[in-house]
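All chains are named by letter (A, B, ...) in the order of the sequence lines, taking the proteins before the strands, and each is independently numbered beginning at 1. Quick caveat: nothing in here was measured; it's all calculated off a predicted structure.
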Number of protein chains: 2
Amino acid sequence: MTIKSDQDNSPCKDNCPCMDCCPLGSALSQIGGKWKIPILCALFQDGTTRFNELKRKIRGITNTMLVSSLKELEEEGLIFREQFMEMPVRVEYSVTDNCRDLMPILKQLAYWGAQVHTIK
Amino acid sequence: MTIKSDQDNSPCKDNCPCMDCCPLGSALSQIGGKWKIPILCALFQDGTTRFNELKRKIRGITNTMLVSSLKELEEEGLIFREQFMEMPVRVEYSVTDNCRDLMPILKQLAYWGAQVHTIK
DNA sequence: CGGGATCCCGAGCGATACTG
DNA sequence: CAGTATCGCTCGGGATCCCG
């Protein structure tokens, strides 16, 4: 672990500016892109959700982007995918514990974003 | 203010999935792009820094991207730009209080990103 | 129902040269 | 020194149709 102690208030590693294998960069890339945050929020708020249900809730997302975003989120360990071998097929998505750990931090970010230019 | 109380653990507003004017989305867009985090980290760690000094520290950044990123960060109120009318011109950049508020949150994100897949 | 396969466009970014 | 001005390209994302 190359991250400094809590006394250091820099968000990055010793060898900042955070290029290459920066944990902050990797974290941001995991939730980056146009649709991942909406997907995570939908799953987090409403719990386990099916594919087309998600598509309906997230207004404007295309089939392609929903599929690829879900796949990436699953590979990153943020969401869980369960497929039921019925006819027709049923697939359910839900957030992982790892994702639940992330949410309070994102909430702080949202607070920060909402307060911009209001404190002067 | 449409953000819920602390009892609510969702990072977004009432009408999630966070489309349109989501404060989380706006926060993420402010620090988005390829170079803003490295710039902020450099300024935060080393304090007030001149243009070409920044360019040297942030390996690989082009003139164009450094200029445009600095401009956006200044418009968003994250950094402060001071121009000294000397010859040759001297311009110094530094982080604002608003940016300093952001840093602890980014640090938490970095911790989270560093711990991914190590807790199992 | 839950995706895949294609095609396409434009923002984001890089490279280079120039300027007050 | 601190930027502008162009040009060109990659690639994230949109649209549409197809499939088991």
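Following rounding to the nearest Å, I61(B) (CD1) and dC13(C) (P) show an atom-to-atom distance of 10 Å. Residue L73(A) contributes atom CG, which lies 13 Å from atom P of dG3(C) at whole-angstrom precision. dA11(C) atom P lies 15 Å from atom CE of M65(B), rounded to whole Å. Distance CZ (R59(A)) to C1' (dG14(D)): 17 Å, rounded to an integer number of Å. Atoms CG (L54(A)) and P (dC1(C)) sit 14 Å apart, rounded to a whole Å. Nucleotide dG12(C) holds its C1' atom 17 Å from the CD1 atom of I31(B), rounded to whole Å. If you take CG of L66(A) and P of dG13(D), they are 13 Å apart, rounded to a whole angstrom. In this structure, the CD1 atom of I39(A) is 14 Å from the C1' atom of dG2(C), given to the nearest Å.
Between R90(B) and E92(B) there is a salt bridge, with a side-chain nitrogen of the basic residue lying less than 4.0 Å from a carboxylate oxygen of the acidic one. A salt bridge between E76(A) and K36(A) is present, with a side-chain N of the basic residue lying under 4.0 Å from a carboxylate O of the acidic one. Looking at R50(A) and E82(A), no side-chain N of the basic residue comes within less than 4.0 Å of a carboxylate O on the acidic one, giving no salt bridge.
For S69(A) (side chain) and L66(A) (main-chain N/O), no donor-acceptor pair under 3.5 Å exists by modelled atom type. Although no hydrogens or angles enter the test, the distance criterion places no donor-acceptor pair under 3.5 Å between the side chain of W112(B) and the main chain of P23(A).
Checking T49(A), L73(A), T96(A) one by one against L43(A), the side-chain contact (heavy atoms from CB on, under 4.5 Å) holds for a single residue, T49(A).
End-to-end axis angle for the helix from dC1(C)-dG20(D) to dG20(C)-dC1(D), using five pairs per end and rounding to 10°, comes out at 50°.
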With side chain to side chain contact (heavy atoms under 4.5 Å, CB included) as the test, would you mind laying out the steps for L70(A) and W35(A) before giving the verdict?
CA-CA 9 Å; L70(A) 287 171; W35(A) 298 106; over 6 Å; no
Stepwise, does the side chain to side chain contact (heavy atoms under 4.5 Å, CB included) test hold for L102(A) with V95(A)?
CA-CA 11 Å; L102(A) 173 66; V95(A) 297; over 6 Å; no
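Considering every non-hydrogen atom in both S94(B) and T48(B), the closest pair reads CB-OG1, 3.6 Å.
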Which atom pairs link the protein and nucleotides 2-9 of chain D when you take only N or O atoms and keep those under 3.5 Å?
residue : atom : partner : partner atom : Å
dA2(D)  : OP1  : R50(B)  : NE           : 2.9
dA2(D)  : OP1  : R50(B)  : NH2          : 3.1
dA2(D)  : OP1  : V91(B)  : N            : 3.2
dA2(D)  : OP2  : N52(B)  : N            : 3.2
dA2(D)  : OP2  : N52(B)  : ND2          : 3.4
dG3(D)  : OP1  : R81(B)  : NH1          : 2.4
dG3(D)  : OP2  : R81(B)  : NH1          : 3.4
dG3(D)  : OP2  : Y93(B)  : OH           : 2.6
dG3(D)  : N7   : N63(B)  : OD1          : 3.1
dG3(D)  : N7   : N63(B)  : ND2          : 3.3
dG3(D)  : O6   : N63(B)  : ND2          : 3.4
dA5(D)  : N6   : T64(B)  : OG1          : 3.2

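Comparing M87(A) and G33(A), the nucleotide of DNA chain D nearest to each residue sits closer to the 5' end for G33(A).
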